[in-house]
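Shown next, in structure tokens, is the structure this report addresses.
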Amino acid sequence: MQRVLIFTALVSALFITGCKTTVQDNQAMTELRKKIKRFAPVEITVDISKLTGNDRKVLVKLCEASRLMDKLYMRQMWFCNETLLAQLEKDNTPEGKLRLAYYNINMGPWSDLDKSAPFVQGVPPLADTANYYPADMTKTEFNAWLATLPEVEKEKAIGYFYTIRRDAGGKLKTVPYSKEYKDLLEPAAKLLREAAELASDAGLKAYLARRAEAFLSNDYYASDIAWMDLDSLIDPTFGPYEVELDNIFNYKAAFESFVTLRNDAETKRLEMFSKHLQEIEDDLPIDPRYRNPKIGAMAPIRVVDVLHMGGQARSGVLTAAYNLPNDERVTREKGNKRVMLKNIQEAKFKNVLLPISRIAVDPAQVPHVSFESFFTHILAHELVHGLGPHDITVDGKKTTVRLVMKEISSAFEEAKADIGGLYVLQYMVDKGYLPKTLEDSMYITFLAGSFRTMRFGTNESHGRGMAMIFNYLMNEGSFSFDMSAGAFHVNPEKMKAGVKKLTGEIMTIQAEGSYEKAKVMLEKYAVQGPEMKRVLDKLADVPVDIAPTFPVAEQLK
Ligand code: ZN
């Protein structure tokens, strides 16, 4: 009943918006245009000429399932989201079309780049609980309830794949995703099963069939293992993974999907990195007892080109690389798999990073900004997620970094991967695994890239983590501001030490499991100083990210 009432209020609010005067409508349109302009429209294409007729049929099924992930994610965000979208789609006014376009970029009525401020009239602020928990639930209530639960139930309550609802008496309870999202997971499972039947690659068949089962059984373990073993030309990823939408605890996983083709040439070139993982871990700038003596020796790296992306992956700022699965049960046994979306990264570099570097970076250093450095650092970033402390002991109790760091775990982990990525690149240059020429360009490209990330705002974990890094490095003298150029400059001689110190500091705080220290560090450094603000203001007209369309997937329909 409550849902109906809220929605009725919402629809009337929308209707009222439509009845406003032309002048106000124009203002609204200017606002929307300004917001949309921050995303450069890009057609993401991929060569499918190598594929047989059956493989093409597999892709058709997968793209269809991928579109269902959009719906799932939107529902996880807000219970009114699907109805609101249907309403917005009916609005054929020029303003309505703009609003719908911006809604589609964000996959909801909250603007990812504006601290999730609503841009549709009548919509409430985005709840920290998203649609994973009852909207009126507080942290205190959840924690008090959690303390009463037996161990098995506790695991579900803080688990990735259970929503929290109220029973008839108003008491909190867990609901498995398989039940909560049955109406969407059943058709998705059917499509994955059909794709499995058509597929020729044995590993692909196994993954798709098991993932279909997981959607229905809520047990993702076997299909996560199958995904780790997957090495096929058609390389899909489907599932609930990232926890950022759960802004109250970072416990619950959002649905997303990637339908991709393996880029064989690049994958080979990058396999070299994974050979040195243990060596790098053994040399991390932390107390040796915090290093992992046995790290994902078989951790694979894939470079792929995207055909279609769905769900969280394409909501707001687009995912360019990922390190999955997140489930520690699987990563303990199998490590992580790193997937880099090369055609997405190229589009971002061309449309965002190059224009930023011309404004934010000392003109003398701009020529050193390169796609190779950008691409290699993203690889290193993904690799570092798998390094350093994960399973830790706090006060004699075994736990994980993710659990003790709660709502700041994402921001802190992203900062670790960004700065640790630089540390790893320097290590590889020093060892002669990477060419010395990279040294000139990697820090300058990182500086340019930091502005790309910081523009996401400090309410987003990558942006927050990067602001922390940036100010820390300014403090160390690794970066400085050139008043006359109005741009930032890399001081190569102070870079190495700054990067090493910060990498060590973040990883040590994670190893100690000190939520307090992490919070203090974020509060101290993840801020916007006057010089940073001056440069960010000058970037106003440069696109912040890209808005992809997937013409190849559309043609396959
Ligand atoms: Zn990351």
Side-chain angles (χ1 to χ4, degrees), residues 112 160 237 239 241-246 250 253-254 256 258 270 273-274 277 280 284 295-296 299-304 306 309 311-328 331 335-342 344-345 348-349 352-353 373-390 400-402 405 407-425 442 445-446 449-450 452-470 499 502-503 506-507 509-510 518 522 526 545:
D112 191 30
Y160 288 110
T237 302
Y241 286 117
E242 302 296 343
V243 296
E244 288 166 35
L245 182 64
D246 172 2
N250 279 176
E256 64 183 349
F258 303 85
L270 293 165
F273 274 84
S274 54
L277 279 181
I280 297 166
L284 287 177
I295 194 134
I301 295 170
R302 303 266 187 273
V303 181
V304 300
V306 167
M309 278 160 84
Q312 149 117 48
R314 72 160 194 87
S315 154
V317 173
L318 211 64
T319 301
Y322 52 90
N323 200 61
L324 291 174
N326 291 327
D327 192 335
E328 283 90 3
T331 55
N336 298 93
K337 183 157 82 179
R338 288 142 198 120
V339 183
M340 304 176 65
L341 311 176
K342 187 166 184 243
I344 303 287
Q345 283 158 358
K348 289 195 186 218
F349 182 80
V352 182
L353 199 84
S373 285
F374 180 63
F375 187 71
T376 317
H377 179 260
I378 295 174
L379 168 77
H381 170 115
E382 294 305 321
L383 192 140
V384 171
H385 274 310
L387 299 179
H390 288 99
T400 65
V401 173
R402 182 179 75 84
M405 293 293 173
E407 85 284 356
I408 55 172
S409 70
S410 294
F412 215 66
E413 176 64 21
E414 290 311 325
K416 170 194 113 178
D418 274 328
I419 196 68
L422 267 187
Y423 174 81
V424 165
L425 290 187
M442 67 190 192
T445 306
F446 180 83
S450 73
R452 187 185 71 90
T453 312
M454 287 187 297
R455 293 171 83 207
F456 304 158
T458 47
N459 69 325
E460 189 273 342
S461 40
H462 292 79
R464 197 169 176 209
M466 188 59 93
M468 177 172 97
I469 292 172
F470 185 90
V499 168
L502 180 55
T503 304
I506 292 179
M507 285 189 180
I509 289 174
Q510 288 187 324
L522 274 168
D545 202 50

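Order of appearance sets the numbers: ligands from 1, and atoms from 1 within every ligand.
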Residues Glu328, Arg402; criterion salt bridge (charged side-chain N to carboxylate O under 4.0 Å, His left out); working and verdict: CA-CA 10 Å; Glu328 283 90 3; Arg402 182 179 75 84; 3.7 Å; yes
Worked verdict on Ser461 versus Glu244 for side-chain hydrogen bond (donor to acceptor under 3.5 Å, both in side chains): CA-CA 8 Å; Ser461 40; Glu244 288 166 35; 3.2 Å; yes
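Shown here are the salt bridge (charged side-chain N to carboxylate O under 4.0 Å, His left out) partners of Glu413, two or more places apart in sequence or in another chain: Lys416. The salt bridge (charged side-chain N to carboxylate O under 4.0 Å, His left out) test applied to Asp418 returns no partner, not counting sequence neighbours. Qualifying side chain to side chain donor-acceptor pair (under 3.5 Å) partners for Thr445, counting only residues two or more places apart in sequence or in other chains: none.
With Asn323 as reference, Arg338 is the one residue of Arg338, Lys337, His381 to meet the side-chain hydrogen bond (donor to acceptor under 3.5 Å, both in side chains) rule.
Ordered by chain and number, His381 NE2, His385 NE2, Glu414 OE1 make up the set of protein N, O or S atoms under 2.8 Å of the Zn ion (ligand 1).
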